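Written below as C-alpha cells is the structure these notes are about.
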Amino acid sequence: MPDNIKQILLELQKKRDRAEQERNERVREIYNIIPRVREIDETIKNLGLQCTKSLLMTETSSHEEFVNALKEEISALREEKEQLLKKYRYSLTDFTVQYDCDACSDTGYVNGRQCKCLKQRLIDMAYRQSNLSGVLQRENFKTFDIERFSADKFGKYSKSPRDNMSEIVSVCEGFVHNFDKGTAKNLLFSGSTGLGKTFLCHCIAKELLDKGKTVIYLTAFGLFRILEQFRFNQSEASLSSEQLNAILTCDLLIIDDLGTELSNSFTLSELFNIINARLLENRKILISTNLNSEQIIETYGQRIFSRISSSFEALEFYGEDLRCK
Ligand SMILES: [Zn+2]
C-alpha cells in the first residue's frame, strides 16, 4: 500500500476514534442527567435478547404473539426515550457517532472501493491543495459580492460589468447544479486580471467539493511544472503516475491563469492530450485565462483553440480592476 494512503488511513482511524469517544462522552453525560434513559436502553437491550432467543425456539405456539408483544414494548420505550431527550434538548442523533463522511463512515472505503473523500484527500496531498480549503472558506458563492462590480456602462459593452457578472454567476450556478446530469458545458473564463475569475473558480470548487466531487485546482504554471517534472525527472518525481492520472480522472479539473506560464511544444501537446482525454470521457474542465481568442491561437495553436471553442462556454469578464478599488 502506498505511503500516502497509509498516512491518510491512519488519520481517518484517529478521526473515527475521536468521533466514537465524543459519542461515548455525550451518552455518559445524558445518562448522568437523565438516569431513566439508561434504564430504558438497558431494558431495550434485554428485550432484544429475549426476542432473539425466542426466535431460536420456534416450538412455542404463541411464538409470534410473544415476539410482537416484545416489539411493541420496545417501540413504546423508544418513544419514551425520544420524548425525554427532547425535554432536555437532546436528540437520538446524540447516540450515533458523527462522521465527516456519511458514505464511508470515515473508513475511506465503500464496498472495498476508495470513497470519494479518500480520493480527494489523495489529491489534496499530491497537489498540496489543502491550503485551498482555507481559501474556500473565504471565497465562495456566499461571500461573493455583486455590489463590487460597477453598474455603469463600461467601454464598448452594452451591459454594465455588474449585469454581466450576475449573468456569469448564474451560468456558474447552473454549471454546479447540472454537474451530474452531464448537460453542463465546460467553462472558459476570459478577461484581464482582477475581475474575479479566480474567485469564481474557488466558488465552483467549493460547491462541488461539498457535493462530494473530486476537484483538482491548478494554475497553468503549476500544471506545466508538474508535467515537466514528471517527464524529465520520472524516477525522483514527487508524483506517482496514479496521482498524475487523477488530472485525467477527477470530476472537475480547474486550470487557472492559462497564458501566464512558459509553454513549449511538450507542454502544449500535453495540454492538448489532457483536454482531449477529458472531453472524450465527458469529464468537466474549467479554464480561466487572460488571453483573448487571437492570443489563444497565437500561444497554443489552432488545434487547441478549436477544441476549446467548440466544447466550452466562453464567459467574458470585463470592468475595472477590483484590486485597485
Ligand atoms: Zn468517505
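Just so it is clear, the values below take in all heavy atoms, side chains as well, and ignore hydrogens, waters and symmetry mates. Numbering of ligands and ligand atoms starts at 1, following listing order. Please read these numbers as outputs of a predicted model, since none were measured by experiment.
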Let me have the donor-acceptor pairs involving side chains of residues 27-34, under 3.5 Å, with sequence neighbours excluded, atom names and distances please.
residue, atom, partner, partner atom, Å
Glu29, OE2, Tyr90, OH, 2.6
Tyr31, OH, Asp41, OD2, 2.5

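Proximity of the aromatic rings of Phe144 and Phe199 is defined here by a centroid distance below 6.0 angstrom, and this criterion is met.
Here the protein contributes Cys101 SG, Cys104 SG, Cys115 SG, Cys117 SG as N, O or S atoms under 2.8 Å from the Zn ion (ligand 1).
Applying the side chain to side chain donor-acceptor pair (under 3.5 Å) rule to Thr193 yields the partners Arg323; only residues at least two apart in sequence or on another chain are considered. With sequence neighbours left out, Asp251 forms a side chain to side chain donor-acceptor pair (under 3.5 Å) with Lys116, Thr214.
No donor-acceptor distance shorter than 3.5 angstrom exists from the side chain of Ser190 to the backbone of Asn292, with no hydrogens or angles considered.
Classified by interplanar angle (parallel below 30°, tilted 30° to 60°, perpendicular above 60°), the ring pair Phe154/Tyr318 is parallel.
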